[in-house]
Amino acid sequence: SDCRSDFRPGTSISYSACQTAPTKPCETKKQPMTTPTRVLRTMQQPLNVVLIRHGESEWNAAKRFSGWVDIDLTEKGLQEAADAGRLMRLHGLEFDEAHVSVLKRAVKTLWTALEHAEQHFIPIHSTWRLNERHYGALTGLSKLEAKEQLGADLLLHYRRGYNTQPPPMDACHPHWPGEDRRYKDLGPLLPRGESLGQCKDRVVPYWRESVEPSLRGGKRVILAAHNNVLRVLCKHLDGIRDDDLDKLELPTGVPLVYKLHPETLEPMGAPDAIGFRGEFLRSAGVGDANLLESRDRSAKLAPQAVGWTPETWKAIAKDSEALELMRREVEGKQPHAQPHAQQPQQPSPKATSPEEAWSLPMARAGRKGASSPGALNVRPKDVVPPEVLMQEVMKLGLKKCPKR
């Protein structure tokens with residue numbers, strides 16, 4: 001019988017039986033169900049989820065209540081986001097999806113961080129539920145103005161009180177968001193002012209409905225949002241008491257890493273005095289920036305080829321240093337460089353075909369007296385197409401590792 005006619009779900013068929021005895025029915029052999037690699041990773045080690053507060057915004061710098069106003073980042077905020085991305089790349093953090101609010105200061109922070117982490121390609125889910133806490137009628141006021149109008153004690157109560165709702169915003173407020181196309185369909189869900197508890201009531205359901213299923217499926221998640229949104233999310237994860245939440249401070253643009261239990265999704269690790277278990281990602285040392293620059297230079301110089309030996313990379317690095325010395329000498333930056341005798345200018349050959357056009361720069365780039373065997377025949381003052389240079393690098397790799 002035909003092998004395909006005997007197929008059953010959960011089984012695999014050996015087609016060799018058909019070749020040896022085509023007149024007999026094929027025997028099916030049940031195979032154990034395999035676990036997807038992503039789920040297997042989930043079962044074996046803690047899950048990393050990264051929370052990042054947006055970089056410094058213009059109203060952070062001016063000490064104004066931002067709320068749902070779509071304020072942009074400062075130059076410092078953009079730099080904080082870029083540094084966060086480099087730091088995540090240095091620590092080897094990889095992601096499968098991202099979640100972010102619909103406010104540009106969080107969106108730009110996420111984009112910039114992912115770009116510098118070289119993970120700009122992952123899917124991004126945007127939602128208004130991760131917007132900053134709505135400050136109601138306080139929105140747009142400077143904290144100094146609010147302190148003068150309300151008094152220091154009442155202002156602190158509005159800012160840090162867990163169940164204290166600020167004065168509500170009406171439709172006449174200059175920053176009323178009801179006409180914004182992002183929120184037109186919210187209807188009664190559109191807040192007019194939120195306490196921290198009310199902010200938590202919209203953030204935690206999104207976490208449970210959209211983020212937790214991804215984590216249970218083994219996906220690595222990064223979430224970019226705002227100060228109060230992340231504070232109430234930390235309260236949910238760590239079980240921080242209402243009275244202790246005002247002691248939790250989250251710096252702008254610093255990745256916050258949670259290690260979650262693969263089954264319960266509860267934070268792992270020792271809590272601090274208020275029960276906080278997250279870990280801010282810090283630089284591992286002074287040489288981190290140099291290490292990243294070195295990796296970037298290596299990636300630009302040659303591709304990661306399977307089978308390349310350490311000797312190959314040493315030869316490439318040696319030749320790269322020689323090229324750098326030659327550049328300095330040609331540009332006059334070498335302190336003891338001797339002036340070269342001016343050579344008569346030769347007429348440039350003309351290409352008669354596209355193939356010759358690509359070969360001409362290499363013909364002009366021939367270097368005599370190369371001391372190291374297999375060195376790249378390139379002079380810095382000549383322009384060599386990247387494709388041609390890469391071919392030379394690949395030839396060098398093939399010479400050094402014939403088993404590739």
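Using a cut-off of 4.0 Å between Lys/Arg side-chain N and Asp/Glu carboxylate O, Arg202 and Glu194 are scored as salt-bridged. Ion pair Glu249/Arg160 flagged as a salt bridge, since at least one NZ, NE, NH1 or NH2 atom sits closer than 4.0 Å to an Asp/Glu carboxylate oxygen. Residues Asp244 and Lys235 are not paired through a salt bridge, judged by the lack of any N-O separation under 4.0 Å between the basic side chain and the carboxylate.
The environment of NE2 in His157 is sparse: at most 12 heavy-atom neighbours from other residues, nucleotides or ligands sit within 6.0 Å. Annotation: Asp153, atom CG; neighbour count of heavy atoms from other residues, nucleotides and ligands within 6.0 Å does not exceed 12. Heavy-atom neighbours of Lys143 NZ from other residues, nucleotides or ligands within 6.0 Å: above the threshold of 12.
A donor-acceptor pair under 3.5 Å links the side-chain atoms of Asp170 to the main chain of His173, judged by distance alone. Looking at Arg231, its side chain does come within 3.5 Å of a backbone N or O of Leu248 through a donor-acceptor pair. A donor-acceptor pair is defined here as one N or O able to donate and one able to accept, closer than 3.5 Å; such a pair exists between the side chain of Ser195 and the backbone of Gln198. Although no hydrogens or angles enter the test, the distance criterion places a donor-acceptor pair under 3.5 Å between the side chain of Ser142 and the main chain of Glu145. In this structure, Arg216 contributes its side chain and Glu263 its backbone to a donor-acceptor pair below 3.5 Å.
Checked against Ile122 for a side chain to side chain contact (heavy atoms under 4.5 Å, CB included), the options Asp96, Leu114, Val221 give a single hit: Leu114. Screening Ile52, Val100, Val49, Leu230 for a side chain to side chain contact (heavy atoms under 4.5 Å, CB included) involving Leu223 leaves a single residue, Leu230.
Between the side chains of Thr252 and Glu56, no donor-acceptor pair is found at a separation under 3.5 Å. Side-chain polar atoms of Ser210 and His99 form no donor-acceptor pair below 3.5 angstrom.
Between Arg64 atom CZ and Leu138 atom CG the span is 12.5 Å, to the nearest 0.5 Å. In this structure, CG in Asp70 is found 7.0 Å from CZ in Arg105, a value given to the nearest 0.5 Å. The structure places NE2 of His261 at 14.0 Å from CG of Leu215, a figure rounded to the nearest 0.5 Å. Note: Leu250 CG to Leu256 CG = 6.5 Å, rounded to the nearest 0.5 Å. Note that the NE2 atom of His120 and the CH2 atom of Trp111 stand 13.5 Å from one another [nearest 0.5 Å]. Atom NZ of residue Lys259 and atom CD of residue Gln45 lie 9.0 Å apart, to the nearest 0.5 angstrom.
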Quick one: do Glu94 and Gln119 satisfy side-chain contact (heavy atoms from CB on, under 4.5 Å)? Show the steps, please. CA-CA 8 Å; Glu94 295 183 344; Gln119 300 184 62; 3.8 Å; yes
Would you check, one step at a time, whether the test side-chain contact (heavy atoms from CB on, under 4.5 Å) holds for Glu266 with Tyr258? CA-CA 9 Å; Glu266 293 181 355; Tyr258 269 97; over 6 Å; no
Walk me through whether Val50 and Leu281 qualify under side-chain contact (heavy atoms from CB on, under 4.5 Å). CA-CA 9 Å; Val50 174; Leu281 206 59; over 6 Å; no
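In this structure, Tyr206 and Leu233 have side chains that are not in contact, with every pair of non-hydrogen atoms separated by 4.5 Å or more. Put simply, the side chain of Pro177 reaches to within 4.5 Å of the side chain of Met169, judged on heavy atoms. Side-chain contact between Phe276 and Lys247: absent, with no pair of heavy atoms (C-beta onward) separated by less than 4.5 Å. The closest side-chain heavy-atom distance from Asp238 to Ile274 is not below 4.5 Å. Under the 4.5 Å side-chain criterion, counting only non-hydrogen atoms from C-beta, Met88 is in contact with Ile222. The side-chain heavy atoms of Arg220 and Asn48, taken from C-beta on, include no pair separated by under 4.5 Å. Within the 4.5 Å cutoff, side-chain heavy atoms of Lys184 are placed close to those of Glu179. Asn131 places a side-chain heavy atom less than 4.5 Å from the side chain of Tyr183.
Ring pair His134/Trp68 is tilted by interplanar angle, where 30° to 60° counts as tilted.
Residues Lys200 and Val232 share a closest heavy-atom pair of CB-CB, 3.8 Å. Contact record, Val229 with Ala225: CG1-CB, 3.9 Å, taken as the closest heavy-atom pair. Closest of all the heavy-atom pairs between Asn228 and Arg133 is CB-CB, 3.9 Å. Summarising the geometry of Leu186 relative to Leu190, their closest heavy-atom pair is CB-N, 3.9 Å, with the distance given to 0.1 Å. In plain terms, the two heavy atoms of Gly55 and Thr109 that are nearest each other are N-OG1, 3.0 Å. Considering every non-hydrogen atom in both Thr112 and Lys108, the closest pair reads OG1-O, 2.7 Å.
Ring centers of Trp59 and His175: under 6.0 Å apart, within the cut-off.
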